[in-house]
Every structure is written in C-alpha cells, then in structure tokens.
Amino acid sequence: MERVPITVTVNGQTVSAEVEPRMTLADFLRDELGLTGTKLGCEHGVCGSCTVLWDGAAVRSCLVLAAQADGAAITTIEGLATEGQLHPVQQAFWEAHALQCGFCTPGMILTAVALLSEDANPSEQAIREALSGNLCRCTGYQNIVRAVQLAAERLRSSS
Amino acid sequence: MSLQILPRGRWVGARVKRVEDPRFLTGEARYLADIQIPGTVHAAFVRSPYGHARIRRIDTSAARTVPGVLGVFTADDVAVLPPLASGLPIEGLKPTPQSVLAKEKVRFVGEAVAVVVAENRYVAEDAAELVEVDYEPLPAVTDAERAMAADAPLLHEDLGTNIVYQKTTTLGDIDAAFAQADRVFRRRFHTNRFVAAPMETRGCLSVYERASGQLTFYSSTQMPHMLRLFLALFLGIPEHKVRVISPEVGGAFGQKMTIYPEEVVIAYLGKVLGRPVKWVEDRRENLAAATHAKEQIIELEAAVRSDGKVLGLKARLIGDGGAYSFNTASALIEPLAAAGIIPGVYDIRAYQHEVIAVCTNKSPVGAFRAVGWTAAQTARELFFDEIARELGLDPAEFRRRNVITSDQFPYTTMTGMVYDSGSYRESLERALELVGYDELRRRQAELRQQGRYLGVGISLYVEPTAWGSEIALQAGFPFPSHDNATVTIDPTGKVRVAVSVHSHGQGHETTLAQVAAEILGVSIDDVVVEHGDTDRAPWGMGTYASRSAVIGGGMVALAAQEVREKLLRVASRLLEVAPEDLDIQDGTVFVKGAPDRSLSLFQVAFAAYLDGRVRAEGEEPLLSATKFYDPRATYSNGCLVTVCEVDSETGLVHLEKIVAVEDCGTMLNPMIVEGQVMGAIAQGIGGALYEAMIYDENGQLLTDTFLSYALPTATEVPELIIEHLETPSPVTIGGIKGIGEGGLLATPAAVAGAVLDAIWPAGRTIEQLPLTPERVLSALTAETGA
Ligand code: FES
Ligand code: FES
C-alpha cells in the first residue's frame, strides 16, 4: 500500500512520518508514537475514550485518519501536564474522585479542557451536555461533573 | 490491638485521595492493549454470523495466502485443548462442554469459529474476512420458555433437552400460608438481558519462552491466580511456569471473571507460534460474545393477609443461560442466586422456589454486578408495590409491615442466609425523610389533577457481601472462597502489601494501604500495594462479589497486625521496655507516656534485618507475614428512592433524583464507597430504562454497537444523593461489609417502581424491562383505552 507522508505537531513536538492511508489517528498515536494514553473503547465514534485535542478542539481520533492530521496540532493526555504539574482539570479529577478504572479518563479530561476553553463558566447542564458524548461505566458521572465545576472555578480565579 | 473494630484514625475512615490516580490522569497507566512487546503478532477471530448452524466445512486457504499471515486455526488445529465446562459441584446440573473454537455446530452469534494470526491487526482482520465457513443454518430458539417446549430446537442434542437444571424447594409450611391468606397475588416479570460493557473490552497477550518453557500471560482479568490455575491445567504447562499478569483493567463488573475460550486459544497460540500473540477485542465482539447477564423470567405468587402481612411466597425462576452453561459459573448463576434473595429484607416464613436453567441461542450468561439479585429485587419490589396498591396501602407502609427489624438480628432467612446486622427499617425511614416523601405524595396528587405523571419508587435491599466460603454456601454456590495478603516492612521501614484481590477501579491501592498504614502507624505514602501479578501477589481468588473490602481489608489487617507485633518485639529490645508499652505513630516507635524515648521505623526495621543482636532465639529477621482470610457471611443493606416524571405524550421518563441510603458497616474510605454506589446506580438506570440485548427469532443479535445498545450518559443520570448509615458487622474483621453491588441490585426496582408509580394503575400491564418510551406509552394507552 502507498504510504502517505505527514507532519503533525503532537504535544508540542513536530513529528514527520509515513503512514498507511487507512491508519486511524488513534492507531498512529498509540502504535507509531507509543502514546497509549489515548484509549479505544468502541472504534465506532460513540464512547469518546479516544478524544484528543485537534487545534484545541475535541476530536474522536478513532474516526479520523492519520493522513488527515497533516499540519494539525494534536494534544493527547500525555501532553496536558506541564513540568510535572497536573493541569487544573487533571487535579480536579483527582480531588473529586472523578475516576475509577481510569479508562474513560483521558477522553473525559480532554473533552472538559475543550469545553472550558470555550466557556469559562458552564452551567451544570452545559457540562453534562458537553460530556454526553463520553461514556463512563464506572462513576455515574456525578463526580466528573463536580470535577469540571471545580476546575472551572479554579481556572476562572487564576486568570 | 483488637481487630474486631478497626481503629478509626488518621487513615481508616478518611476521605483519602486515591494514590493510584496520577498515572491514570496523565495517560501513563498501561492497560492490556497498551502493552507493547517487540515481535508481537495479532489475532482476529472469525465469528459465527448465525445463532444456530451446523458447520459443514471451513476453507482457510485464501486467508493463509495473505502476506503477513502466520496462521489460521480452527477447532481441528487446537484439538489438544480440552473443552470448557462448568466446574460447579451442584447435583442435577447438566454440563454443556464448550469447544474453545466451535466444532460441528455454532450456537450463538459471535461464537468463535477460527482465529487468524498476522503481523498486525489490520492484516489479521483482512484475512479473517477471507475465511470461508460453509454453514447449514438450523432453527434457533431465543426465548427461554419456548426453549423448554418438547419440540424446541436442541442446542446440545446429546442432552435431549435445553433444560440444564430444574429443581423445586419448599421451605416452611407453604400450604398453610396460602390457606390462611386473605388475598393471593400473582405476577410475571421478564427482566432484561443486559451487559457489563466495561469501557475496556477483553483482551490478552501470550508470551512463551521456548528455552525455559515459561508462559507469561497478560489478561484483562479479575482473577489472575484462578486464570493461572486453569491455563496450567488446560495447556498442560506446570503451574510454576505460568505467570499471569493482569495490568490495569478498564472496568470489569463481573464480565472478566470468566475463563474465556479466547484466552485459552491465545495462550496456546503463543506457545505453538513462539511469538507473542495479542488479541484485543473490539466492541462488537464484546457485545456479542462476552458474557451477557441478568435475563430471567420470574413468576411470583404471594399469600397476603388483608393488613398487608406477607405470609408466604412462591417463585418460579427461569434463567435464560444462553448457549452454554458457562464454565466458571454455569447457567445457574442467575436463577439460583435470585432464588436465595427473593425474600430479601422481609420477614417471610414460608417460601417455595422452582429454579430452572435453560440454554438458548444467545451469548452465554455470566456474572455482572449483583448477579441474580438485580432480577430478584426488581421482580419482588415491583410486585410488592402492586400488592400494596391493590390493598390500598402506601408502598412505604406495606414495607414497614413486612421488613425485618433490628431486634431480630441475627436473622436466618428461609433460604439459610444469616443476616448478621443492619439497618433495614432505619434506612427506609431515612431515605423517605431525605426525599421528602409525604410532600412528594401531595405533589403527585396535585400534578395528576393537571394531567402530569409524577412517580416515586422505593427499593429496600439487602446485599450479601464478603464473598468467602460461608456466604457462597448461603447463596447456593458451594465453592471455597478466600484470599491472602503479605505485608512486609523492608529494612528502611517502608511497607509493601501484596494482595490476591485485584483492582479494576475499586481503588485498593488506597483503601488497603489505609488499613496497613493505620495498623502500622505509618503514612500512606510509605505503603505500596501490589496486585494483579501472580509472581508478586500471594494466591487468592481475585475480585468479585463485593468481597475485596471485607476480605482484602481483613487479611491486610491480620498480616499488618502480625508484622506490627514482630516490629515491636525488636523495638522493645532496643528500647529496653516491654512490647506492650510501645506504640507507633507517624513512623516513630515510642514508649507510651514517654514519647522522647523513641526510634524511627527505619532504625527498628534496619536493626531487625541487619543487627543479629536484637533477634531472640528462633526469631526470623524478615518483618513479614502472610495471612489468609475467609470471613463469616455478612450482609450490607440500604434503601433507594427514585423520583421521576413521565411524559404521557412521548412515554419518556425524566428522572428527578435518586436518594440512596446505604449501610456497609465500617467504611475504609467514604469517598470510594460513594463512588461505588454512584457508578452502580448509573448502571441500574441503564438497566431500568435503556439497556437490552435484543435477538430476533432467528438468533440474530440486533444490538451489537454502542448505537443500538445504549448506555446512560451524563445527561441521563440525575442528581444522586448518598447518605451513609454505619452498622458495623459483628462477624467480620473491623466490622467491614462490602458495597460493590447494592446500587445495581436496587436501582432498576427503584427506577421502574417510580415509573410504574407515576402511571399507576396503567403500569400493571408492564412486565418487561427496560421501560422504553414505547412500553410506557402502550401501557398508558391500554389503560385509558385511547
Ligand atoms: S473509540 Fe473512538 S469514540 Fe469510541
Ligand atoms: S472510570 Fe471507568 S469508565 Fe470511567
């Protein structure tokens, strides 16, 4: 199969690679770059576990091809903490006990980061709606919602 | 230090943040799919598209020629592997051995027929599509009652029947109860088949070293030691040369406590191919071929006095076991467990049950949180609501008249369960108070006047926990069940706790460290908990059935206590006082009443290992102890109340809130308890309103994606209000009871109860869950005659 050359910025680093045209972005991140923090829960676009940030917006990496990401800036869960310092959303997830098995957590956190970058003060209903594309089978969501509220509060008071 | 009540202190009972979380928050946690070993090849299974068919011929030649394919395997190629069968020693249970790859026949959509191994997953899947299987479709049966008919298609012809178990048991004077009754009520329920659907699917990776004959098997399993035992036996590899590692597990809820055919096949292929072989299930496979759960047909009959007292109950429970009476549990797992808990928290002195297990052309049934109990609770609570209303009693009042009261403990049920302690009536009253019950009833009547349908559902429950040998027996599954912990203080005074219970989201690395830290007087930061690797953890059964807080907490407490005593003996020689005069706090051993006479844990531990003078004759240098625990039976309890409004135009249910009052005895970490409760409630909402595995009459599965099988999302789960009552168990170490399952046990009844309450009297006509808008609407229109 003809390989496609791409150049992507992943977590701030520029990566050039040749990929099979049918390789998904998720498989590229996981298998080619070893960034296995991006999870695959359904591979058909429903569960949101594979969510990454694509130029700051939440995108399901199981639904897009690596080749399409040419020129994009991708942030995965591995790129969120800076210098060993958890991102406020990560910190809030920890404090609010917003994770159990942790499998949905990277996708949830990145979805929350994208939401808060657009709406610094979302209502509970807005948070629930923003998260409704991400499935979690462990927590019942309440603590995840609380975590996003907590992070929103802290981000507002620090900016 | 007495272990009867764990010391409540700095760690035990505190809302300690989970120590395991940073690796999950940053994406560093490695689940099965994330493990990358050089040279790994990838497997894809070829699965049956038919519910029931004879396999005439399998042609693998085209698949084999695809570049990158290492091999294609069918039943004939793995003939050395014995079939899987239920190992439960229950009289009258017919075994239904399952070939690890289907042989001669397929019995459900998704059954594995062949497996392709290739250099990567994409190629393996391409080649799997080229495997040609010539099937002769057979008539299928997907309804348990139809499967019992004499002319039903047979799944296992040699049995001559689809009924693998049938037994009636009479407890107490059931005839007298019915003779004395003022009223007799009957109701049939068909609880839905729904599934654990952990966000991480199943998967495994088999690494075999030919030179040493060592198999290292990574699997997303809840029971590493049990899997090691089975693999050693199935593959004929000596047990000491098998190591099972369960990495991070992305949810399990019972689905990963089975020994799966796929696991045996992959383990074997790793051995024959001499390359690491990895299989990661996709979601379709998980929905079709991982165990399903909870489907039963339950018929109840009650003998009731006109004042509401239930004198006797009869139950007929038909478990729809799917295609095989599955290996680790059997098709009895649902109906037998249900039969035991039908009386529940109620004082009922005559009971008769008939337990039936049937095979159908559907995926085999296995464990899923509150096995059997969800269906039993749902049927009984909805039935009791109906009886109450027919008698003109409020459902809460009806429960008051029948519930076991606290002066009756220990209470032995007709089915032989010994309820040790609890707060049954108290939890009911507290939940009603929290939800504002009387006010709700007023509001309900008002809204009805305006044509609006508000409903309140009550689910009062008891949850068997601490799954050791005794409770297993009381619940009808006579299989020993116990676990071990090793607690070690290393020379620098740091603590290692190795446990056989497994964590897949429960937070054991925190809760079990809390127990050790409390007893040893150290900070939780100085404790590490190891689990999931048979080479590092002592032998045990794993995690299921809400057993890990009780058993894990108990065994860690026992081992930590013994290590503490060893440590204090050493310190007593160093400080020249009696061990009884010493205490440990914050990592410092000191003389009680003279805290300046002290040594750090480091100093004491270092001396224990490296200074022979502190050791008495016959003492060992190692500050370590391994202890097992097989607890007495203990039972948690609680009450859920749900408030909802039903839209009479659309049939849609809007949940307003759910109040949960639960009592799991001594809590190690309330934050984690609440997490367990909330997660289980969300699953119960799914089971009550959305989730169902649907097969058509030909055995086709119609719900094999997350679009057709809908899980609740953040917008479907309402405000959850959790409150704790704390009645420590008198029979377990520390008074701990388990909590893992109550939410899923009780929620479908509370949610469905609220919906039926809202539309009463129309709700009488609904006997099948989930309560989809169509079902609700048709009940409403049937009633109004519209
Ligand atoms: S894995 Fe991409 S949405 Fe589920
Ligand atoms: S924490 Fe397990 S799926 Fe969300």
Side-chain angles (χ1 to χ4, degrees), chain A residues 20 22-23 27 30-31 34-49 76-81 86-87 89-91 93-107 109 124-125 127-145, chain B residues 15 17-18 20-31 33-36 120-122 196-201 248-253 280 282-284 503-507 671-672 674-683 685-686 705-707 711-717 719-720 743:
Chain A
E20 274 194 37
R22 64 173 173 171
M23 176 172 270
D27 284 347
R30 290 176 48 81
D31 299 340
L35 295 170
T36 55
T38 301
K39 300 296 174 219
L40 291 169
C42 71
E43 296 172 271
H44 52 249
V46 183
C47 75
S49 311
T76 71
I77 191 69
E78 289 92 342
L80 214 51
L86 293 179
H87 184 280
V89 174
Q90 289 171 312
Q91 182 68 31
F93 266 60
W94 192 7
E95 290 173 25
H97 185 35
L99 60 149
Q100 290 183 29
C101 80
F103 199 82
C104 70
T105 309
I109 289 176
E124 168 162 353
Q125 192 51 30
I127 294 173
R128 287 191 181 263
E129 273 159 28
L131 296 175
S132 69
N134 291 61
L135 297 176
C136 172
R137 195 55 157 169
C138 297
T139 64
Y141 304 105
Q142 186 152 302
N143 284 349
I144 297 179
V145 174
Chain B
R15 292 177 174 271
K17 263 193 323 193
R18 300 204 321 177
E20 50 267 79
D21 281 0
R23 65 180 191 268
F24 294 105
L25 293 163
T26 53
E28 275 168 39
R30 293 266 182 275
Y31 300 79
D34 308 332
I35 297 171
Q36 296 174 337
N120 69 50
R121 172 87 176 265
Y122 287 86
M199 292 317 300
E200 183 209 27
T201 56
E248 311 292 4
V249 171
F253 316 111
V280 178
D282 70 23
R283 184 53 63 183
R284 266 203 171 78
S503 184
H504 32 280
Q506 295 87 342
M671 179 191 84
I672 284 179
E674 284 155 21
Q676 286 287 316
V677 174
M678 292 193 286
I681 289 176
Q683 293 174 341
I685 292 170
T705 69
F706 271 159
L707 289 167
L711 304 184
T713 74
T715 48
E716 276 95 38
V717 178
E719 184 189 9
L720 309 176

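Atom set for the values below is all heavy atoms of this structure, side chains included, hydrogens, waters and symmetry mates excluded. If you're wondering where the values come from, they're calculated on a predicted model, not measured in any experiment. In the text below, chain A, chain B and the rest are named by the order of the sequence lines, each starting its count at 1.
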Interface moiety of [X] toward chain A, non-hydrogen atoms closer than 4.5 Å:
| X | value |
| --- | --- |
| B/Arg121 | side chain |
| B/Leu720 | both |
| B/Val249 | backbone |
| B/Glu28 | neither |
| B/Arg15 | neither |

Which bit of [X] is near chain B, if near means a heavy-atom gap under 4.5 Å: side chain, backbone, both or neither?
| X | value |
| --- | --- |
| A/Ile144 | neither |
| A/Asn134 | neither |
| A/Leu80 | neither |
| A/Ser132 | both |
| A/Glu124 | neither |
| A/Glu43 | side chain |

Minimum heavy-atom separation for B/Phe24 and B/Ala29, please, with both atom names.
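So the minimum-distance heavy-atom pair works out to CD2-CB, 3.5 Å.
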Grab the two heavy atoms, one from A/Gly34 and one from B/Gln36, that are nearest each other, plus how far apart they are.
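Reported closest heavy-atom pair: CA-OE1, 4.2 Å.
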Set of residues satisfying ring pair (Phe, Tyr, Trp, His ring centres under 6.0 Å) with respect to B/Tyr31, sequence neighbours excluded
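Applying ring pair (Phe, Tyr, Trp, His ring centres under 6.0 Å) to B/Tyr31 gives A/Phe103.
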Sub-4.5 Å side-chain heavy-atom contact between A/His87 and A/Ile109:
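Not touching, per the 4.5 Å side-chain cut-off.
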